[in-house]
There are 2 protein chains.
Amino acid sequence: MESLEQIGIKAKKASRYLAKLGIDEKNKALEAVADALTANAESIIAANEKDLVNAKANGMKPALIDRLTLDIKRINAMADGIRVLTGLEDPVGEVTGMKKRPNGLVIGTKRVPLGVVAIIYESRPNVTADAFGLTFKSGNACILRGGSDSINSNIAIADVIANALSDNGINPDVINLIKDTDRALVNQLMKMNDYIDVIIPRGGAGLIKNVVNNSTVPVIETGTGNCHVYVDEYADIDMAVKVIYNAKTSRIGVCNACESLVIHKAVAKQAIPLIVNALKEKNVEVRGDEYAMQCDSRIVPASDDDWGMEYLDYIISVKTVDSVDEAIEHINTYNTGHSESIITKDYNNANRFLDEIDAACVYVNASTRFSDGFEFGFGAEIGISTQKLHARGPMGLKALTTTKYVIYGEGQIRQ
Amino acid sequence: MESLEQIGIKAKKASRYLAKLGIDEKNKALEAVADALTANAESIIAANEKDLVNAKANGMKPALIDRLTLDIKRINAMADGIRVLTGLEDPVGEVTGMKKRPNGLVIGTKRVPLGVVAIIYESRPNVTADAFGLTFKSGNACILRGGSDSINSNIAIADVIANALSDNGINPDVINLIKDTDRALVNQLMKMNDYIDVIIPRGGAGLIKNVVNNSTVPVIETGTGNCHVYVDEYADIDMAVKVIYNAKTSRIGVCNACESLVIHKAVAKQAIPLIVNALKEKNVEVRGDEYAMQCDSRIVPASDDDWGMEYLDYIISVKTVDSVDEAIEHINTYNTGHSESIITKDYNNANRFLDEIDAACVYVNASTRFSDGFEFGFGAEIGISTQKLHARGPMGLKALTTTKYVIYGEGQIRQ
């Protein structure tokens, strides 16, 4: 089996090759890959079957078995995901801000691929195709390390992709799946600064934390979301009920779901029972502070731990406040920098919330559930960054690129 | 003495306060700080004297003693550096790309400060003032950790700054110098993800490597430069001689100095003796490959280690190549992603070099010495990033900011 270093060398070389490919060649290759995934669905499903047998024998939980399972519908969805990319603009090659300096040098900023992107993910075989598609379209070679429980599926998918590339005259080294499932390799991968430009972890909080804490390669952190909706004293209560119901219950396990309601005491007595009515339709457990419990007897006591919790479950916390200042202070203390929303009709409070909340996405009068690359119009999504460097919020193809300065001279030397 | 955690909490709080300050308030405060530095030059010099006495007793080398030394001229230069910032545009607050989505949500990207920026540096007390100025102007609170040899100077400078801020009604917690010189604190600082948004190491390769390898907080790597000048077969030889002489000898110890000459064999016999003539004026040692040595008897043999060396000294390596492809391949193998230049009159070779060289700054017909925030017209420089995330190349104030999405709704919920 190849060593990680051999894979790194191959990927680096392929990244230089890929950076030179034109948009038509890339789109044609993506079409071919999409077609090949559908055409080879049977063999992919057969490989997936092996993973499923092992997973069941190892007592994997049903929800994880479901994530691991591939069928013809899901393989077609993978292929469609690749096909969608062909319609998106190539982020690479644009030169901006070209300016002539007093000494005659002409300096511009050119958008270029990152180079080699490593993606570490859990046992979701669809990520293999998805990660390849996004990195390839943005001109990056990828190194993929999926969960060991999906290794047979991942190998099958990566082989189909590599063969389709080869058949279309594209160097298949642009996709590199690590086939050895030894856990120690992940640690080695995270130190390969000579060959890898960026690592993106895709998965749960534990996986992300491990990568952030141990990688010496720069990381793009995609993140956990302890998202708040703040119901201001000047809120449209009816709107507040609808937004909170949507943000909490429309999809429970996602990072842009609302985990905490913050509400001004001036409207708490009126609004809280209506909000709880709506949430109880979905049997949401509501945990509140003292005042919240006075507003509705169905609310159970929240502990201090609740304010920082990303439940990913039918649970919400309720914090009552005396002012928009207190709301902002509370949210800035406990949020994870993901998505926060204020419901208000007041111009100044809306502006203060937009200005002062420290998060990737700050909303006025809308559900936090819109934080998503597709909803933002990027046509694709690599993840939602909760860090402040490089990319913040939903990331499209551009987040997989960087820039370089190009400088045109006529023999200038520095004085 | 304050614990690091207490400093972190203070800095985070101050960063929220500072993010709200207007440009006029910030500029007025910077003016006051600059005036205070000049007015308190004597007490700063007295503190610096203590550091110098200790440094000499500890046998510090003369070059480092020089970096550590403050006099009235250097303090005025620090003050001027702060004053220059008042004339620069505030990078914070601009909203770009505001667009209406089909569902009526209006989404824009707002430029905001990073929050808390920690800067780890060596025993150069001027960095204390410089780092404060850059972070303050861009709306960030800073945590400063300078070399222990300059601790008295740093405390004096930071106290002058904090007092000047207080006197002007600005919360002095925006500047936080770590006064405890215990080395273990640096390791603790690099793990303070809850309070610090970004760490920037400023100093030599050892310091930077330590931070990159050990920080869990995102790092902006400013870097080492193994910069090349490639003399193409279609070069203007006269221009080549001048550019190489400038790039190698105009300042020896800087990251944008040329460390390696790559030259096409078609012009090597003609050009190398002229280049060596020029370099020998400054007694530069020239280490070359076999063919280079055949072109000029003053060239000594290079070992394989030479190709990757950042000498920061009067030494240069010379590699001869048969083609522009070989030149690009050699440079992409050994460069540090900093600055590379081609000397050529050929249109295609110029374009290929610009496209295919993987570095922050790629030049045609100019000295690599121009890679600098001031030369690029940014009016200030935090450092030169050799990483690909967030900022690449010379970094101005904008590199100390990030963005957030601001989203204006009318009660939208996600289907």
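Since the model is a prediction, treat every value here as computed from it, not as a measurement. Here is the naming used below: chain letters follow the sequence lines, and residue numbers restart at 1 for every chain.
Ranked by heavy-atom pairs under 4.5 Å with chain A, the list B:M239, B:E221, B:K242, B:Q412 is led by B:Q412. Among the candidates B:I220, B:D358, B:V219, B:I328, the residue making the largest number of heavy-atom pairs closer than 4.5 Å to chain A is B:D358. Chosen from B:G93, B:S215, B:A350, B:C361, the residue pairing most often with chain A at heavy-atom distances under 4.5 Å is B:C361. Highest contact tally toward chain A, considering only B:N193, B:I343, B:D197, is held by B:D197 [criterion: heavy-atom pairs under 4.5 Å]. Per-residue heavy-atom pair counts under 4.5 Å with chain A were compared for B:T401, B:D372, B:N214, and the maximum is reached by B:D372.
Residue A:Y245 does not touch chain B at all, counting heavy-atom pairs closer than 4.5 Å. Only the backbone of A:A359 has a heavy atom closer than 4.5 Å to any heavy atom of chain B. Looking at A:V217, there are no atoms closer than 4.5 Å to chain B (heavy atoms on both sides), in backbone or side chain. Of the atoms belonging to A:D238, not a single heavy atom falls under 4.5 Å from chain B. For A:P102, no part lies near chain B; criterion is any non-hydrogen pair under 4.5 Å. Only the side chain of A:I107 comes within contact range of chain B, with heavy atoms under 4.5 Å apart. Looking at A:R392, both its backbone and its side chain come within 4.5 Å of chain B, counting heavy atoms on both sides. Interface residue B:A360: only backbone heavy atoms are found under 4.5 Å from chain A. For a residue to count as touching a neighbouring chain, one of its non-hydrogen atoms must lie under 4.5 Å from one of that chain's; by this rule B:D194 does not touch chain A. Residue A:D236: no heavy atom, backbone or side chain, is found under 4.5 Å from chain B. Only the side chain of A:V198 comes within less than 4.5 Å of a heavy atom of chain B; its backbone N, CA, C and O stay farther away. The part of A:L105 that comes within reach of chain B is its side chain, from C-beta onward, which places non-hydrogen atoms under 4.5 angstrom from that chain.
Salt-bridge check for A:D355 with B:K110: passed, with a basic side-chain N closer than 4.0 Å to an acidic carboxylate O. Between B:R101 and A:E375, none of the side-chain N atoms (NZ, or NE/NH1/NH2) sits under 4.0 Å from a carboxylate O, so this pair counts as no salt bridge. We find that A:K20 and B:E356 are joined by a salt bridge, their nearest charged nitrogen and carboxylate oxygen being less than 4.0 Å apart.
Other residues, nucleotides and ligands contribute over 12 non-hydrogen atoms within 6.0 Å of the NZ atom of A:K191. Counting non-hydrogen atoms of neighbouring residues, nucleotides and ligands closer than 6.0 angstrom, the CD atom of B:E329 reaches no more than 12 such neighbours.
By the 4.5 Å heavy-atom criterion applied to side chains, A:L354 and B:Y408 are counted as neighbours. Here the side chains of B:V406 and A:Y363 are not in contact, with every heavy-atom distance at 4.5 Å or above. With contacts defined as side-chain heavy-atom distances shorter than 4.5 Å, the pair A:I413/B:R369 does not qualify.
Ring geometry for B:F378 against A:Y405 counts as tilted: the plane angle lies between 30° and 60°, on a 0 to 90° scale.
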Worked check of side-chain contact (heavy atoms from CB on, under 4.5 Å) between B:L389 and A:L114: CA-CA 8 Å; B:L389 279 194; A:L114 286 166; 4.3 Å; yes
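In this structure a side-chain-to-backbone donor-acceptor pair under 3.5 Å is missing from A:T216 to B:N213. A donor-acceptor pair is defined here as one N or O able to donate and one able to accept, closer than 3.5 Å; such a pair exists between the side chain of A:K404 and the backbone of B:I357.
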